[in-house]
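Report on the following structure.
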Amino acid sequence: MNHPIALEFRGVSKTFGATEEPVVLFEGLDWSLGTGQSVAVVGESGAGKTTLLHLAATLERPDAGEVLVDGRPTAGLDERELSGLRTRSLGLVFQFHFLLKEFTVVENVALPSWLAGVSKKESWDRARRLVSLVGLEKRSQHYPHQLSGGERQRVALARALVNDPALLLADEPTGNLDVRHARAVQDLLLGLVATEGKTLLLVTHDQEFARRTGQALRLEAGRLVPL
Amino acid sequence: MTPGPLTFLARRYLKSRRKHRGVGAPLLSLLGLAVGVLTLNAVLAVMNGFQLTFIESLLELSSSHLRWTPSDGQPSADQGALIGRQAGVRAVVPSTEGQTLITAAGNRRGAVLRGFPSDALARDKGLAAHLALNPGFKGARGLPARGEVLLGIELARGLGVIPGDHVELTALSGASFSLLKPHLVDMTVKGTFSTGYYEIDAGWVVANLDDAREAFAGPSDFFYAVKLDDGNADRVLADRLAALMNRPRAEFTTWRDYNTAFFGALRTEKAVMMVLVGLIFFVVGVNIYFGQKRAVAEHREDLALWAAVGVRPHRLRGVFALEGLIVGVGAAALGTVVGLAVAWGFGSLDLLSSDAFYLPALPARVLPHEVVLVGLACIAASTGAAWLASAGVTRIPVAEVLRSE
C-alpha cells in the first residue's frame, strides 16, 4: 500500500564535533516515512538517533541535503515559518518529560495550544480531553512533582498531541520508566497511530518496543537498515 | 479583559520566584527605583520653586518679557496703546531704569532708580502682585507722585529712614561725559516696598516716571515694559511689533536677550541635578539586568521546550521583560506619590528661618510634565534592563539543551 510522504530525508549529511576530529553521523541519507506509518529506530548510543529526530523536528539543520515535512522543504524556512511548522505539524516527546514545574498538568498540556493562537477556553477543553485520554483526569490539577515518572511522560505525550500534529516524534519516551509504565506509554503511542492515523517516528533502545511498531530499523554507520 | 498566554506565563513565573526565593531582589529593585523617583520629584520641585520664583520676580519686577526702547527716547501713547491691543499682551507700562546715589542721615547707597507712572500697578497686575507696598507715611499707599520715592525695605533700613523722611538723590546732567555735572534732588520717602528678592529690596528706588525722566534718565533709559500671557512668545511678538510699528527690530529686546547667561546657568544646574539623581535608575537597572539574566538561565529548559513546540523565542522575551515593567510601574507610582507628598511638605512647612534665609517658606513647585518624565524614565530604565537581559532567550541552543537531559 502506498502512503503519502509525511517525512523525507533527501541526501542528508550531518557531521558533529571539532574540525580536527569530526564525527560523521549521516552522509547522503535518503529515507522517507509514509503518512500513518509507525517506524522505530534503534541503534547504539552515539549512532545519531537523537540527531535524526532533531533533524526531523527542524531543531537542527543538515550540513547538506534537505528534510521535507509533509512534502515541504524546510531548508529555506525562516525562524517564524519553522515555528509555525512545529506548532501545526509536529508533536515532540522526549526521554525527559520537560514539564513546567510551575504549571499544573492541564496547564502544561493547554499552553502550547494557547500560545499557538487557539482561544484559552478551546485550549483548556482540548487539554482536558487529552489528559483524560492518557488516563490522568483525576490528576489534572496536580503539579509535575506530584506525579510518577510514567504519569509525567503521559502528560508530555498529551502535550505533544494538543495541536493535533500529523507527525509524532518520540525520543526514548519510555527510557526512564519501569516496565509497567513503559508498557502503558507504548500502548498509548501505538494506539494513536492505529486509531487517530498519526505518523510516528520513534527512537528507542528498547527492541521489544521497536518490534511493536510497523517497521523497526537500525541506525548503523549513518544508514537505516531493517532490524 | 483576559490576560494573554505570555502574561499568564510571566505571572506564574513571578509567583513561583516569590515562593521559592522570596521577594528580595525585585522588591529591592522596586524600592531603589522608587527612591530615585521620590528624590528626583522632591529635588526638582524645590529647584523649580527657587528658580521659578526667582525668574518670575525678575520678569515681573525688573526685565519684563519684552522691552521696546524708542530710539528717540520719547513716549508715544499711540504706539503704547497699539502694543497693548496685540493678542497675547497682558500689560504695557512706560518705564525708566537708571542709577543714582541716595543719601540720608549721612548714609549713602548706590541704587537702581526705576520710574513708573502712578497708575502702573493698575495697568500691570503682575507688577502689583510682586511689588508689595508697605504702609507708607500716614498710611499712604500707591506709587509715588512727583517729588516722592518708594524705597526697598532693606535700602530704607540701611539708610535709616522711615516714611515721611527726606532723602537726597544724586542726578547727573550734561550733554556729554566731559560736561556731566552732579546735582542733588530732594525727595520725600512716601513708603517702602518688599519683593522677597533681596537684591531688589536693598537696591531699588521707585520714583514717579516724570521725575525720573527729567532728572535721572537719558533718552536711552526710557522704554515700554511689555508683559505677555505666554513668556515664550517673546521673540515672535517682538518680530510682529517691529513689523507692525515699522520700527527697527533692534529697538525690541526680550527677556531671553538680557537674561541668557543667567537662565542658561539655571537650566544647566537643573540638568546636572537630574543626571546625578538619575544615576540611581542606572544602578538599579543594572541590578534588574543581572536578576533577569539569572531568571533566563534558570528557565533554559522551559524556553528550549517552548521553542521546540513552536513558540517563537522573540515572543518569550516579553515574559521576562514584563517583570521589569511591573517593577518600573510600581516604583514610579510609589516614588511619585511619596515624592509629591514630600514636595508638598517642603512647600507648606516652615522649614527655614526667614531671618536667616530671607524666605518666608521653602518654595516648591511641581511641574506635571517633569513628574511624567521622571516616571517614564523609571519605567523605561526598568523595562529596558529586563528586555536587554532577556535577549538570552533567543540564543538558547534548543537541540543542545533538550539533548543534555
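Sequence lines set the chain letters: A, B, ... in the order given, protein chains first and strands last, and positions in each chain run from 1.
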Identify which part of [X] has an atom lying under 4.5 Å from any heavy atom of chain B, answering side chain, backbone, both or neither.
X: Leu90(A); result: neither
X: Arg88(A); result: neither
X: Thr51(A); result: both

Between Asp125(A) and Lys121(A), is there a salt bridge with N-O shorter than 4.0 Å?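 Answer for the salt bridge query: yes.
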
Within a radius of less than 6.0 Å around CD of Glu370(B), do more than 12 heavy atoms belonging to other residues, nucleotides or ligands occur?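 Check passes, neighbour count above 12.
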
For Glu44(A), does the CD atom sit with more than 12 other heavy atoms under 6.0 Å from it, leaving out its own atoms?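 Incorrect, the count does not exceed 12.
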
So which of Thr50(A), Asn163(A), Leu92(A), Leu111(A) has the biggest tally of heavy-atom pairs under 4.5 Å with chain B?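 Answer, by heavy-atom pair count under 4.5 Å with chain B: Leu111(A).
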
Pick from Leu85(A), Leu100(A), Leu59(A) with the largest number of heavy-atom pairs that fall under 4.5 Å of chain B: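 Heavy-atom pair counts peak at Leu100(A).
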
Criterion side-chain hydrogen bond (donor to acceptor under 3.5 Å, both in side chains) on Arg128(A) and Ser140(A), from CA distance to verdict: CA-CA 7 Å; Arg128(A) 277 190 280 267; Ser140(A) 63; over 6 Å; no

Is the centre of the Phe96(A) ring less than 6.0 Å from the centre of the Phe98(A) ring?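 Yes.
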
When rounded to the nearest 0.5 angstrom, what distance separates CZ in Arg315(B) from CG in Leu115(A)?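 Atom-to-atom, Arg315(B):CZ and Leu115(A):CG are 5.5 Å apart.
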
Heavy-atom distances under 4.5 Å only: say whether Pro397(B) touches chain A with side chain, backbone, both or neither.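 Answer is neither: Pro397(B) stays 4.5 Å or more from chain A.
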
Side chain, backbone, both or neither: which part of Val309(B) has a heavy atom under 4.5 Å from chain A?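 Both parts, heavy atoms under 4.5 Å.
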
So which of Leu9(B), Leu6(B), Val398(B) has the largest heavy-atom pair count under 4.5 angstrom toward chain A?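 Heavy-atom pair counts peak at Leu9(B).
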
